[in-house]
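Everything on this sheet refers to the single structure shown next.
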There are 2 protein chains.
Amino acid sequence: MSGRLIANLGRNTPLAPEDGAAIEALLGAVRTVPADTELVVDGEGATDCHVLLEGQAFRHKTLPDGRRQIVFFHVPGDLLDLPLVFLDVDYNVASLTMCRVAPVSRAKLADLIEARPRIGRAFWRMSLQEAAIQREWMVGMGRRSAYARVAHLLCEVFQRLQRVDLVQNNRCRFPITQTHLADAAGLSGVHTNRVLQQLRASGLIELRSRELIVRDWNGLAAAGEFDPAYLQARSAPSPALAGPHRAAPGWKPS
Amino acid sequence: MSGRLIANLGRNTPLAPEDGAAIEALLGAVRTVPADTELVVDGEGATDCHVLLEGQAFRHKTLPDGRRQIVFFHVPGDLLDLPLVFLDVDYNVASLTMCRVAPVSRAKLADLIEARPRIGRAFWRMSLQEAAIQREWMVGMGRRSAYARVAHLLCEVFQRLQRVDLVQNNRCRFPITQTHLADAAGLSGVHTNRVLQQLRASGLIELRSRELIVRDWNGLAAAGEFDPAYLQARSAPSPALAGPHRAAPGWKPS
DNA sequence: CGTGAACTTGAGATTTCTCAAGCGGGGTGG
DNA sequence: CCACCCCGCTTGAGAAATCTCAAGTTCACG
């Protein structure tokens, strides 16, 4: 269960069993928090980072007058506040569902990253992939229609959930409300609602009562101009590993 | 001259002279390229990263049909393709002016980052700061008006140029055309033009013939809802020092 | 002095927003 | 067990922001 982070890291970078063990050893007492709770608050000088073991969450920046921009959706296995290891965090993280979260000492994590190249590399890749996802969102918000933007977002979340085995039969739990989707896409709630209706009417998805069913993946990807390349979590230098899915060689959650 | 990268890294992380020397030692033969040249092309499996020693450049992602989204502006001292050290790059970089660029072996840079914690930390911070800037752009594109977005962009570029001493008397060279600005803000060229006229009419800026003069910094910052905190001028207390939390609030000329 | 890129301007077309209201289901107190 | 309430969703319609198309105009540069 708490092997989620390791599995996630290991997806892109081969980790030896002792690497996994070293990371696990840093995890503090698991905390369970309800939905709609702020897990990470910026500018709080926290001493711990947070690993999301279970549940879903999102990063957001909220302006003084209440406008909110969601900048990332988290799936299990994500480190919610990697920046905190070396800087301050500039965003908040809130839970979408009940979540299980484990703290990791920021100082110890920094030490581990610096002491073990393989682990360091794994975190570098995780961090750089986040940045790549952010860039893709920028393309969406700057240059794609509302329709494509929402479709793209659905594709991304769906695919990332798929990677952590949270999709069965093209169907997954989907605690992201239309308001969240709107705040992520930079749209109003009303317009987001209309766009979703179009997606439904086109037979691409079903979405209701916190569940998403993708009826036509190719159609949805086309609607969203979704090219999964930017998620392609493969390491360039050591193309030793195969397929995009599965595999965390050398380490299995115990 | 080629100390630019070191100066840039050292701005946030104390580097010892030997660290600087180690980095310098990796720099390859400096290349001079004209304006409007692609410096970095995604998916090319390059073996070298690129340091921008002089000149200005921008990162962009261009869609098949020609729509373009600029995702970052570079100033001297920037590493143009840090992601390449550990992954593939997912964007292109093009020059805005004539540029001087030095190659750095990706493998050697990776080794150096892993071998020297202080250097590694410096690159981590650089990378995380980029990510923070990207998030701020997301907020702009998703939740700010065209007017605020453009003003914010001007503030950011201006301030980053200031840090590398490219501003004198509130005045700097500004090779970013209205079309670039439009592609960065996610606006049409026409609308960007109109927004700039408003900014000029409000007495906030002068902008013509590739030069920007900020006439009213506070006014411009207010128009752009610009809070420099996200640029993280200062490093968070390093875990080793374990000082009380002191988030770098907007820097103030003291 | 010619040329092209960058910048301006005008005006109608679209997308997206805002306001306002109504619907629906699940959770809760009575 | 039922009524009520709240949140998330839906719908309608006018308003606003932004876009596109289509011409000019300016200016650096050869």
Side-chain angles (χ1 to χ4, degrees), chain A residues 34-37 56 58 63 65-70 94-98 140-151 153-154 173-201 205-212 223, chain B residues 34-37 56 58 63 65-70 94-98 140-151 153-154 173-201 205-212 223:
Chain A
D36 298 312
T37 311
Q56 284 179 245
F58 64 96
L63 300 174
D65 66 351
R67 278 170 297 164
R68 179 177 71 169
Q69 178 64 43
I70 291 176
S95 58
L96 282 164
T97 64
M98 200 185 78
M141 292 200 284
R143 288 297 178 228
R144 284 198 254 259
S145 70
Y147 183 73
R149 239 181 282 181
V150 172
L153 224 32
L154 294 179
R173 190 173 166 211
F174 199 79
I176 300 170
T177 68
Q178 294 187 1
T179 303
H180 290 124
L181 236 26
D183 283 343
L187 298 170
S188 71
V190 171
H191 199 59
T192 301
N193 176 282
R194 288 177 172 135
V195 164
L196 284 172
Q197 288 177 56
Q198 278 185 266
L199 290 170
R200 282 190 274 241
I205 61 167
E206 279 176 50
L207 175 58
R208 73 216 194 270
S209 55
R210 325 212 121 196
E211 184 180 55
L212 169 66
Chain B
D36 298 312
T37 311
Q56 283 179 244
F58 63 96
L63 301 173
D65 66 351
R67 279 170 299 166
R68 180 177 72 168
Q69 178 65 43
I70 291 176
S95 59
L96 281 164
T97 64
M98 200 185 78
M141 292 200 285
R143 289 295 177 230
R144 283 198 254 260
S145 70
Y147 183 73
R149 240 181 282 181
V150 172
L153 225 31
L154 294 179
R173 190 174 167 210
F174 200 80
I176 299 170
T177 69
Q178 294 187 0
T179 303
H180 292 123
L181 236 26
D183 282 342
L187 298 170
S188 71
V190 171
H191 200 59
T192 301
N193 176 282
R194 288 176 173 137
V195 164
L196 285 172
Q197 289 177 54
Q198 279 185 265
L199 289 170
R200 282 190 274 241
I205 61 167
E206 278 175 51
L207 176 57
R208 70 212 195 272
S209 57
R210 323 212 121 197
E211 184 180 55
L212 169 66

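Letters A, B, ... are given to chains in the order of the sequence lines, protein chains preceding strands, and every chain is numbered from 1.
Taking a 6.0 Å sphere around CZ of B:Arg67, one finds it holds more than 12 heavy atoms contributed by other residues, nucleotides or ligands.
Residues B:Asp36 and B:Arg143 both approach DNA chain C. Their nearest nucleotides, taken by heavy-atom distance, put B:Asp36 toward the 5′ side.
Residues satisfying the ring pair (Phe, Tyr, Trp, His ring centres under 6.0 Å) test with B:His180, not counting sequence neighbours, are B:Phe58. Evaluation of the side-chain hydrogen bond (donor to acceptor under 3.5 Å, both in side chains) rule for B:Arg200 yields no partner, not counting sequence neighbours.
Contact record, B:Met141 with B:Ala184: SD-O, 3.7 Å, taken as the closest heavy-atom pair. Among all heavy-atom pairs drawn from B:Gln69 and A:Gly142, the shortest one is OE1-CA, 3.2 Å. Looking at every heavy atom in both residues, A:Ser95 comes nearest to A:Ala35 through OG-C, 3.3 Å.
Interatomic distance, B:Leu153 CG to B:Leu187 CG, rounded to the nearest 0.5 Å: 9.5 Å. Expressed to the nearest 0.5 Å, how far CG of A:Asp183 lies from CD1 of A:Ile176 amounts to 12.0 Å. Remark: B:Gln178 CD to B:Leu196 CG distance equals 5.0 Å, nearest 0.5 Å. Rounding to the nearest 0.5 Å places CG of B:Leu181 at 10.5 Å from CG of B:Asn193. Considering OG1 of B:Thr97 and CZ of B:Arg210, their distance stands at 9.0 Å, rounded to 0.5 Å. Note that CD of B:Glu211 is 11.5 Å distant from CZ of B:Phe174, once rounded to the nearest 0.5 Å.
Here A:Thr177 lies in heavy-atom contact (under 4.0 Å) with sugar-phosphate atoms only.
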Pull out every protein N or O sitting under 3.5 Å from an N or O of nucleotides 20-25 of chain C, one pair per line with the distance.
none

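Within a heavy-atom distance below 4.0 Å of DNA chain C, the residues of residues 191-200 of chain B found are B:Asn193, B:Arg194, B:Gln197, B:Arg200.
Remark on the helix from C:dC1-D:dG30 to C:dG30-D:dC1: inter-end axis angle 40°, axes from five-pair C1' superpositions, rounded to 10°.
If you walk DNA chain D from 5' to 3' and mark each nucleotide with an atom closer than 4.0 Å to a heavy atom of chain A, the marks span D:dC9 to D:dA13.
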Quiz prompt | Check against side chain to side chain contact (heavy atoms under 4.5 Å, CB included), B:Leu154 and B:Leu199 | solution = CA-CA 11 Å; B:Leu154 294 179; B:Leu199 289 170; 4.0 Å; yes

